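Single-structure report; data block below.
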Amino acid sequence: MLIYLDGKYLPSEEAKISVFDHGLLYGDGVFEGIRCYNGYVFKLDEHLERLYDSAKSLMLKIPIQIDELRQAVLETLRRNELREGYIRLIVTRGIGDLGLDPDKCRNPSIIIIADKIALYPQNYYEDGLEIVTVSVRRNYPEAINPRIKSLNYLNNILAKIEAKQSGVVEALMLNNDGYVVECSGDNIFLVKNEIIVTPPPYIGILDGVTRNCVITLAHEAGFQVKERVFTRHDIYIADECFLTGTAAEVIPVVKLDQRVIGNGEPGIVTQKLIAAFRHFANNFGTPIFPEGV
Ligand code: PXG
């Protein structure tokens with residue numbers, strides 16, 4: 001496997017960063033997880049824009065232009081001969097001293113890892129997931145804004161640990177006011193009377209690339225989509241619920257806190273959106289091999 005590290009393509013054994021990198025010392029950096037399907041990178045520009053936006057918010061200057069980074073992502077995929085896979089794009093603050101001061105870090109590092117993806121088990125999609133609400137609250141936007149996809153993922157990891165302790169794989173997170181925000185690594189939607197509802201980004205969520213694609217696909221399929229603040233109760237009494245994310249794609253949720261949602265099976269709207277998403281992912285996006293090699 002070849003890894004892109006600061007302009008070079010290195011074998012994985014040689015792709016190493018310093019123990020003084022503030023990405024390691026403080027989680028000071030940003031990242032993206034990106035998929036490619038059938039030779040197309042899914043929403044590459046949206047992911048790159050979010051990466052640069054996250055970095056801007058942290059006053060972290062990515063040392064290369066977006067076009068160069070786009071080419072580096074595609075080149076990493078080509079060198080690894082991947083048409084289906086997962087790309088992890090990371091920008092760290094770089095090497096500094098043991099103090100917090102980011103100004104001591106002169107050169108941010110850019111890492112691109114492209115690998116095969118370990119898919120979620122098929123029964124998650126066929127039977128739906130059970131999830132629980134966890135006690136860990138999603139980061140308060142004025143502390144660490146959830147819109148920043150930073151290397152500090154402890155808030156989400158603590159939620160995931162709690163979910164796993166309850167015997168489920170995903171955690172529903174609330175914000176400080178008790179409103180539903182998102183899951184540890186996925187955005188959340190409910191469906192009630194054929195209207196699709198999802199929380200608005202300002203209440204403290206990651207503005208998900210998959211989320212936004214699914215909203216567009218839902219509009220194209222003739223559904224009404226509303227961005228509204230809601231509580232757990234609204235999910236308990238919803239007809240359907242589903243999650244979206246780069247790893248999960250679109251995944252049905254059939255139980256929350258031991259309450260059965262709808263009839264306990266993946267709903268019809270969710271199934272339509274899963275199909276629309278798969279069709280989109282396999283046929284659109286940035287081609288990895290433009291000449292069809
Ligand atoms: N919310 C959070 C908190 C996330 O981390 C999403 C929503 C979905 O966003 P996208 O843009 O991916 O549709 C995410 C992203 C993993 C993994 O391996 C998942 C994410 C991040 C890192 C790893 O499951 N989720």
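Starting from 1, each residue takes its place in the sequence as its number. Model, not experiment: these values are computed from the prediction. Just follow the structure's listing: the first ligand is 1, and inside any ligand the first atom is 1.
Contacts with ligand 1 closer than 4.0 Å are made by backbone heavy atoms (N, CA, C, O) of Ser184 only, the side chain lying farther away. Contact annotation for Asn156 and ligand 1: only side-chain heavy atoms (C-beta onward) come within less than 4.0 Å of the ligand. At a heavy-atom cutoff of 4.0 Å, ligand 1 is contacted by the side chain of Arg88 but not by its backbone. At a heavy-atom cutoff of 4.0 Å, ligand 1 is contacted by no atom of Met173, backbone or side chain. Only the side chain of Leu206 comes within contact range of ligand 1, with a heavy atom under 4.0 Å; no backbone atom does.
Looking only at heavy atoms of the protein, atom 15 (C) of ligand 1 is closest to Lys149 NZ, 3.3 Å. For atom 24 (O) of ligand 1, the nearest protein heavy atom (residue, atom name, distance) is Ala247 CB, 3.5 Å. Looking only at heavy atoms of the protein, atom 25 (N) of ligand 1 is closest to Gly185 O, 3.0 Å.
The pair Arg50-Asp207 does not count as a salt bridge, with every side-chain nitrogen at least 4.0 angstrom from each carboxylate oxygen. Salt bridge status for Asp53 with Lys56: absent, with no side-chain N to carboxylate O gap under 4.0 Å.
Some N or O of Thr210 is nearer than 3.5 Å to an N or O of ligand 1, by distance alone. For ligand 1, none of its N or O atoms has an N or O atom of Gly208 under 3.5 Å away. Considering both main-chain and side-chain atoms, Asp207 never comes within under 3.5 Å of ligand 1 through any nitrogen or oxygen pair. Residue-to-ligand polar distances place Arg50 within reach of ligand 1: an N/O pair is separated by less than 3.5 Å. In terms of polar-atom proximity, defined here as any N/O pair under 3.5 Å, Glu182 does make such a contact with ligand 1. Backbone and side-chain nitrogen or oxygen atoms of Thr246 are examined, and one is located within less than 3.5 angstrom of a nitrogen or oxygen of ligand 1. At least one N or O atom of Val209 sits closer than 3.5 Å to an N or O atom of ligand 1.
A parallel orientation is assigned to the rings of Phe242 and Phe189, their planes being inclined by less than 30° (bins at 30° and 60°).
Each of the following atoms of ligand 1 lies closer than 4.0 Å to a heavy atom of Arg138: 3 (C). Atoms of ligand 1 lying under 4.0 Å from at least one heavy atom of Tyr153, given by number and element, are 3 (C), 4 (C), 5 (O).
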*Kindly indicate, with the supporting measurements, whether the criterion side chain to side chain contact (heavy atoms under 4.5 Å, CB included) is fulfilled by Arg83 and Cys36.*
CA-CA 6 Å; Arg83 293 173 53 85; Cys36 59; over 6 Å; no

*In sequence, state the C-alpha distance, the side-chain angles, and the governing distance for Glu249 and Thr210, and then conclude on side chain to side chain donor-acceptor pair (under 3.5 Å).*
CA-CA 7 Å; Glu249 305 173 340; Thr210 319; over 6 Å; no

*Going through the checks in order, is the side chain to side chain contact (heavy atoms under 4.5 Å, CB included) test met by Val132 and Leu172?*
CA-CA 6 Å; Val132 295; Leu172 179 66; over 6 Å; no

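Closest approach of Arg138 and Val181 over heavy atoms only: CB-CG2, 3.5 Å.
Within the 4.5 Å cutoff, side-chain heavy atoms of Arg211 are placed close to those of Ile205.
Taking 4.0 Å as the cut-off, Glu32 does not count as a neighbour of ligand 1 on heavy-atom distance.
In this structure, Tyr37 has no ring pair (Phe, Tyr, Trp, His ring centres under 6.0 Å) partners at least two apart in sequence or on a different chain.
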Run the side-chain donor-acceptor check on residues 271-288: report pairs under 3.5 Å with partners two or more places apart or on a different chain.
unit_1, atom_1, unit_2, atom_2, d
Gln271, NE2, Pro266, O, 2.9
Asn282, ND2, Arg278, O, 2.9
Asn283, ND2, His279, O, 2.7

